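All residue numbers in this chain count up from 1 along the given sequence. In this text the structure is predicted, and so the values were computed from the model without any measurement. Values reported hereafter were calculated over all heavy atoms of this structure, with side chains retained and with hydrogens, waters and symmetry mates removed.
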Amino acid sequence: MSIKRALQGENSVRDLSLPEQRHPEKAHRADQAQPKKPDWIRVRAPNSEGYKQTRAILKEKKLVTVCEEAGCPNVGECWSQGHATMMIMGEICTRGCTFCNVATGKPNALDLFEPGRVAHAVSELSLNHVVVTSVDRDDLTDGGAEHFAQTIRAIRHRSPGTTIEVLIPDFLKAAPGALETVVEARPDVLNHNLETVPGLYLEVRPGARYFHSLRLLQKVKELDPTMFTKSGIMVGLGEDRAGVLQVMDDMRAADVDFLTIGQYLQPTPKHHRVDRFVTPDEFKAYEKAAYGKGFLMVSATPLTRSSYHAGDDFARLREARLQKLGRA
């Protein structure tokens with residue numbers, strides 16, 4: 001198939017290993033220099049037996065993970081421990097964020113059997129905590145909300161002891177009630193990432209709206225005040241410290257419980273450039289500031305990602321709430 005036809009959205013035989021077919025919306029962009037990573041960013045190549053076993057289970061169940069699709073640097077560590085972030089509703093996103101390595105284009109139809117396969121994999125991996133995320137599906141009336149709900153219910157049925165965290169899209173173009181559908185399925189944590197400061201949205205996250213995302217997080221608490229909420233941003237995109245602190249204040253005004261901050265890493269020369277590598281000491285300062293603003297849980301390190309150490313962090317998050325209530 002020609003590149004022209006691939007760009008027109010005929011994705012049934014797209015080769016997502018080819019940059020021009022994986023990211024047709026970025027093909028016209030000038031290459032951005034990719035600076036050398038500092039020592040504190042580097043990780044070992046994945047090759048452990050645990051990694052191989054996790055990969056085999058996911059392949060057998062024909063499941064997609066954001067770990068692979070987004071090129072997460074922590075995939076070796078997480079998969080070696082049997083932890084993986086399931087990405088439902090396919091591997092092709094309807095958005096074209098300039099930071100993201102997930103493929104862009106016209107998605108395929110939903111797989112109605114996917115929730116059951118995800119639940120089966122969670123059971124086989126014996127997960128105490130699972131993170132389920134998705135591509136943006138602006139082509140669906142509900143943005144995929146019911147598919148999220150079905151996946152949550154399937155996991156609950158097969159692994160009732162597993163806590164469930166969902167990292168949802170913004171449902172910007174979905175019909176009213178999409179968020180309510182997910183909340184009514186009762187995940188333990190609802191995460192939606194703001195990703196960056198509002199001044200960079202047009203450049204970094206052009207298909208999204210900062211205050212819509214912020215309002216979504218706030219509305220979760222209005223629907224269910226007991227549900228943990230979580231959000232995260234990347235640094236190194238061109239923001240300044242004052243902007244990051246303002247995002248923290250905005251999140252706290254929306255009653256977000258858990259904040260993650262990690263270093264942006266440029267997937268390819270066609271993606272948004274890395275403005276700078278934020279030092280570990282700066283991350284520690286962000287962590288201190290965030291706790292001072294009232295977050296129950298903060299993860300701020302160069303390699304922090306939304307689902308990195310999510311299970312351990314959830315246990316700490318729950319304990320932090322209990323301690324806060326005990327002091328009330």
Geometric class of the F314/H129 ring pair [parallel <30°, tilted 30-60°, perpendicular >60°]:
parallel

Main-chain N/O of [Y] paired with [X] side-chain donor or acceptor, under 3.5 Å:
X    : Y    : answer
Q34  : Q266 : yes
Y291 : L296 : no
R318 : L322 : no
R209 : P206 : yes
R156 : R186 : yes
Y201 : L194 : yes
H212 : D170 : yes
E195 : G232 : no
D275 : G236 : no
T162 : L127 : yes

If every non-hydrogen atom of [X] is compared with every non-hydrogen atom of [Y], which pair is closest and at what distance?
X    : Y    : value
N191 : K230 : OD1-O, 2.8 Å
P115 : A154 : O-CB, 3.6 Å
S231 : M251 : OG-CE, 3.5 Å
G90  : E114 : N-OE2, 4.3 Å
L172 : A208 : CD2-CA, 4.4 Å
L179 : F171 : N-CD1, 4.1 Å

Counting neighbours of [atom1] on [X] that are heavy atoms of other residues, nucleotides or ligands and sit closer than 6.0 Å, is the number greater than 12?
X    : atom1 : result
K221 : NZ    : yes
R321 : CZ    : yes
N128 : CG    : no
H157 : NE2   : no
K293 : NZ    : yes

Verify whether one side chain among [X] and [Y] offers a donor that lies under 3.5 Å from an acceptor in the other.
X    : Y    : answer
E203 : H272 : yes
T260 : S299 : no
Y210 : D250 : yes
S213 : H192 : yes
R215 : Q218 : yes
N101 : H23  : yes
D224 : T226 : yes
T268 : H271 : yes

Can you tell me how far apart [atom1] ([X]) and [atom2] ([Y]) are? Round to the nearest 0.5 Å.
X    : Y    : atom1 : atom2 : answer
N193 : R305 : CG    : CZ    : 11.0 Å
L317 : M297 : CG    : CE    : 7.5 Å
T196 : L237 : OG1   : CG    : 5.0 Å
D139 : T94  : CG    : OG1   : 6.0 Å
I88  : Q150 : CD1   : CD    : 9.5 Å
K284 : T279 : NZ    : OG1   : 9.5 Å

Does the side-chain contact (heavy atoms from CB on, under 4.5 Å) test come out yes or no for V131 and M86, once each step is laid out?
CA-CA 6 Å; V131 181; M86 313 296 182; over 6 Å; no

Should [X] and [Y] count as side-chain neighbours, where that means a heavy-atom distance under 4.5 Å?
X    : Y    : answer
T181 : D142 : no
Q32  : P269 : no
I168 : L190 : yes
D255 : T229 : no
I92  : T104 : no
E165 : V130 : no
P302 : V278 : no
V244 : V235 : yes

Side-chain heavy atoms nearer than 4.5 Å, only ILVMFWY residues, links allowed to pass through others: does that put [X] and [Y] together?
X    : Y    : result
L112 : V182 : no
I233 : L202 : no
L200 : F211 : yes
F228 : L167 : no

Check the pair R158, V122 against side-chain contact (heavy atoms from CB on, under 4.5 Å), reporting the backbone distance first and the verdict last.
CA-CA 8 Å; R158 186 140 195 142; V122 169; over 6 Å; no

[X] and [Y] ion-paired at < 4.0 Å:
X    : Y    : value
D249 : R252 : no
R241 : E282 : no
D111 : R117 : yes
K324 : E319 : no

Side chain to side chain contact (heavy atoms under 4.5 Å, CB included) test vs Q263 passes for just one of L303, T301, V274, namely V274

Between E146 and R153, does a salt bridge (charged side-chain N to carboxylate O under 4.0 Å, His left out) hold up when you go through it step by step?
CA-CA 10 Å; E146 180 58 30; R153 290 193 289 264; 2.7 Å; yes

Distance under 6.0 Å and angle within 45° of ring axis: R205 vs F99:
no

Begin from the C-alpha positions of L110 and L140 and carry the test side-chain contact (heavy atoms from CB on, under 4.5 Å) through to its verdict.
CA-CA 9 Å; L110 288 181; L140 301 174; 3.8 Å; yes

